[in-house]
**Student:** 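I'd like to ask you about the structure that follows.
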Amino acid sequence: MKRTKEDEKWANLLKQGAHGETENRWFTPRVVNRLPEKRPKSYRWVAMLFYLIAFGICTISWFCLLTHNDFTVITVRDIIYLVMLTAMTMLLTLSATTKLLTDK
């Protein structure tokens with residue numbers, strides 16, 4: 001591949017913006033590449049707080065559904081409510097379990 005004038009222009013621009021040698025001769029790019037990665041801050045407690053709140057809402061909803069409904073006549077609204085509540089509870093349980101097992 002041939003180098004064009006535009007390639008040389010970009011190379012010069014990059015060289016101008018590049019950092020020069022560091023004062024410490026032992027601190028080389030090789031050393032920088034071996035440094036451990038910076039770990040992101042863990043906000044595990046925030047996630048756990050939201051899981052607890054969601055679990056409380058699901059528990060209260062199940063309690064209301066099972067105690068305040070006599071189920072003599074089941075309406076479409078009851079079926080939709082039951083399906084959505086079951087799905088939310090399953091998703092909550094699965095996501096909280098995977099979060100607890102995968103987070104360190």
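Fair warning: this is a prediction, and the values are worked out from it, not measured in the lab.
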**Student:** Taking Thr4's backbone N and O only, do any of them form a donor-acceptor pair with Asp7's side chain (distance below 3.5 Å, no angle check)?
**Tutor:**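 Judged by distance alone, yes, a pair lies under 3.5 Å.
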**Student:** Clusters formed by hydrophobic residues whose side-chain heavy atoms approach within less than 4.5 Å: which one holds Leu49, and what are its other members?
**Tutor:**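 Members other than Leu49 - counting any ILVMFWY side chain reachable under 4.5 Å - are Ile53, Ile57.
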**Student:** Indicate every side-chain donor-acceptor pair of residues 86-96 with a distance under 3.5 Å to a residue at least two apart or in another chain.
**Tutor:**
| from | atom 1 | to | atom 2 | distance (Å) |
| --- | --- | --- | --- | --- |
| Thr86 | OG1 | Leu82 | O | 2.7 |
| Thr89 | OG1 | Trp62 | NE1 | 3.0 |
| Thr89 | OG1 | Leu85 | O | 2.8 |
| Thr93 | OG1 | Thr89 | O | 2.8 |
| Ser95 | OG | Leu91 | O | 2.9 |
| Ser95 | OG | Leu92 | O | 3.2 |

**Student:** Suppose we screen for side chain to side chain contact (heavy atoms under 4.5 Å, CB included). Which residues come up paired with Ile60, at least two apart in sequence or across chains?
**Tutor:**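 Ile60 satisfies side chain to side chain contact (heavy atoms under 4.5 Å, CB included) with Cys64 once adjacent residues are dropped.
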**Student:** To which residues is Met84 joined in a hydrophobic cluster, defined by side-chain heavy-atom contacts under 4.5 Å among Ile, Leu, Val, Met, Phe, Trp and Tyr, whether direct or through other members?
**Tutor:**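 Joined to Met84, directly or through intermediates: Val76, Ile80.
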**Student:** More than 12 heavy atoms of other residues, nucleotides or ligands under 6.0 Å from CD of Glu8: yes or no?
**Tutor:**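 Yes.
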